[in-house]
Amino acid sequence: MGITSEDVVLIQPAKTPGDPTVVTVNCPDKAGLGCDICRVILEFGLRINRADFSTDGRWCYMVFWVAPYSSSHRVDWESLKNRVYYETPSCLGPYYFGNKSDGPSSSSLYLLKIFCVDRKGLLHDVTKVLTELEFTIQRVKVMTTPDGRVVDLFLITDNLQLLHTKERQDDTCRYLLNVFKDNCIDCELQVAGPQYETLRAFSSIPEAVAEELFSPDLFEMDSGEQLGEKKEKAIITVDNQLSTAHTLLQIECVDQKGLFYDILRTSKECNIGVAYGRFAPSKKGLRNVDLIIQQTNGKKIVDPKHLDILCSRLKHAMLHPLRVIIVSRGPDTELLVANPVELSGKGRPRVFYDVTSALRKSGICIFSAEIGRHSTQDREWEVYRFLLDESREFPLSSPESRSKVVKRVRRTLMGW
């Protein structure tokens, strides 16, 4: 039967407006569990104000103080609880409504077709609704016709694991048609057939564009810009004297959206186990993080070369978790955003949501959009491509306007 979610995840609501909600997780441990839970928290549009966790390798105890990034954001705490529980080894079966019924698996890909009369900000509004309905957008293809209509093709998976049921499919289409009744002409939802699997293939990016997008020197102006400084703000101090079996990392860096997720994601990729972690509250835009770590063989890290590689990858993950550029694509202007893909094959949460939000606030219309994958020598990336229309505020032929768009998109993604 397994341990129930009530035994594993406890959520204590904020006592007063403005206070954080406390999420406590007490369960058997597994490699990368902290990263997986931070990812869920980020998916729900929550900021981690502080966190503490510890493990002996068999059992772990984690506490997160979280709050929405926006005061207007409404969080389904019960759904968050179930999602966190699902990530733990305690979950030995389905976590929503008993046994799974016959039909496509919970990870099946579904094709959502939306036919609409185009308007400014429509793509972000649809993305927002899909996020609220707890769908993950795996790929998207947006096409605008000359007569002012738009066809949105979303390849989605269902975080609630219910999209194989007719009720969930009908409710989704009905809800979308009701929300966008002034624009939506029709809505269709079905299991994505083999012909749509090609949409999951790696995005074909011109060599020159890929070279610029994935260049190590892409961001001259790093995270220190938030503090009005030019120097880097990612300092890692290593202490191997504290313990005979563990290495202590003391980190100071600029605060940003998904910071703890990026640190734990990188530790997971480097096969580093975190025995204890402390994520201190933000002070003057800076975060202090303490990690007591060891290798998978149970020993601390003493090899200077290994330590240098680990610290370099952590710094890169903290300073440049995302890449944003604007390029010319023939007569058009294209915005590209890239983020690393996890070992699990998952991309970063809410990137499409944040980019479309930033463009909408800038008054920039999206002519077409797509999500794809691209492989470099050392890793796989998720790449978002947007063909943009001109706007009065940002005439895209101007280098200054292009720079402003990149900065606005990046600041939105970083939560600044």
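Nothing fancy with the numbering, it's 1 onward along the sequence. All values below were derived from every heavy atom in this structure, side-chain atoms included, with hydrogens, water molecules and symmetry-related copies excluded.
Ser79 places no side-chain N or O within donor-acceptor distance of the main-chain N or O of Asp76, the cut-off being under 3.5 Å. Listed for the Glu342 side chain is no donor-acceptor partner under 3.5 Å among the backbone atoms of Lys346. Under the 3.5 Å distance criterion, the side-chain polar atoms of His124 are matched with a main-chain donor or acceptor of Ser357. Counting only distance, with no hydrogens or angles, the side chain of Gln250 and the backbone of Thr237 share no donor-acceptor pair below 3.5 Å.
Between the side chains of Gln138 and Tyr110, no donor-acceptor pair is found at a separation under 3.5 Å. Asn159 and Thr136 form a side-chain donor-acceptor contact under 3.5 Å, judged by distance and modelled atom types alone. In the model, Asn240 has a side-chain atom that pairs as donor or acceptor with a side-chain atom of Thr247 under 3.5 Å. Side chain to side chain, Trp416 and Asp255 fail the donor-acceptor criterion of an N or O pair below 3.5 Å. Between the side chains of Arg402 and Thr333, at least one donor-acceptor pair of N or O atoms lies under 3.5 Å. Judged purely by distance below 3.5 Å, without hydrogens or angles, the side chains of Arg408 and Ser362 pair a donor atom with an acceptor atom.
Between Asp262 and Arg348 there is a salt bridge, since a side-chain N of the basic residue sits under 4.0 Å from a carboxylate O of the acidic one. Between Asp29 and Arg58 there is no salt bridge, since none of the side-chain N atoms of the basic residue sits less than 4.0 Å from a carboxylate O of the acidic one. Contact check on Asp158 versus Arg168 returns a salt bridge, with a Lys/Arg side-chain nitrogen under 4.0 Å from an Asp/Glu carboxylate oxygen. Electrostatic pairing of Glu334 and Arg385 counts as a salt bridge here, judged by a charged N lying under 4.0 Å from a carboxylate O. A salt bridge links Arg313 with Glu269: the closest approach of a Lys/Arg side-chain nitrogen to an acidic carboxylate oxygen falls below 4.0 angstrom.
The shortest heavy-atom contact between Leu155 and Ala192 is CD2-CB, 3.9 Å. In plain terms, the two heavy atoms of Ile236 and Met318 that are nearest each other are CD1-CE, 3.9 Å. Of all the heavy atoms in Leu264 and Cys38, the pair that sits closest is CD1-SG, 3.9 Å.
Between Asp36 and Lys30 there is a side-chain heavy-atom pair separated by less than 4.5 Å.
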Pair Asp354-Thr412, side chain to side chain donor-acceptor pair (under 3.5 Å): steps then yes or no
CA-CA 6 Å; Asp354 284 341; Thr412 301; over 6 Å; no
Could you walk me through whether Arg119 and Asp125 pass the salt bridge (charged side-chain N to carboxylate O under 4.0 Å, His left out) check?
CA-CA 10 Å; Arg119 65 165 171 79; Asp125 292 342; 2.9 Å; yes
Passes side chain to side chain donor-acceptor pair (under 3.5 Å), Tyr384 versus Glu382? Steps please.
CA-CA 7 Å; Tyr384 300 76; Glu382 190 163 58; 2.9 Å; yes
Determine whether Ser375 and Trp381 satisfy the following criterion, side chain to side chain donor-acceptor pair (under 3.5 Å), listing intermediate values before the conclusion.
CA-CA 6 Å; Ser375 287; Trp381 298 81; over 6 Å; no
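For Lys300, the NZ atom sits in a packed shell: over 12 heavy atoms of surrounding residues, nucleotides or ligands are nearer than 6.0 Å.
Separation of the His374 and Phe214 ring centroids falls under the 6.0 Å cut-off.
Both the sub-6.0 Å distance and the 45° axial angle are satisfied by Lys257 relative to the ring of Tyr69. Cation-pi geometry between Arg83 and Tyr86 is not met: the NZ or CZ atom fails to fall both under 6.0 Å from the ring centre and inside 45° of the normal.
In this pair, Phe260 and Phe279 present their aromatic rings parallel. The plane angle is below 30°, not in the 30 to 60° band. The aromatic rings of Phe352 and Phe386 lie parallel to each other, with less than 30° between the two planes, well short of the 60° mark.
Exactly one of Asp171, Thr172, Asp170, Asn178 qualifies for a side-chain hydrogen bond (donor to acceptor under 3.5 Å, both in side chains) with Arg174. That residue is Asp171.
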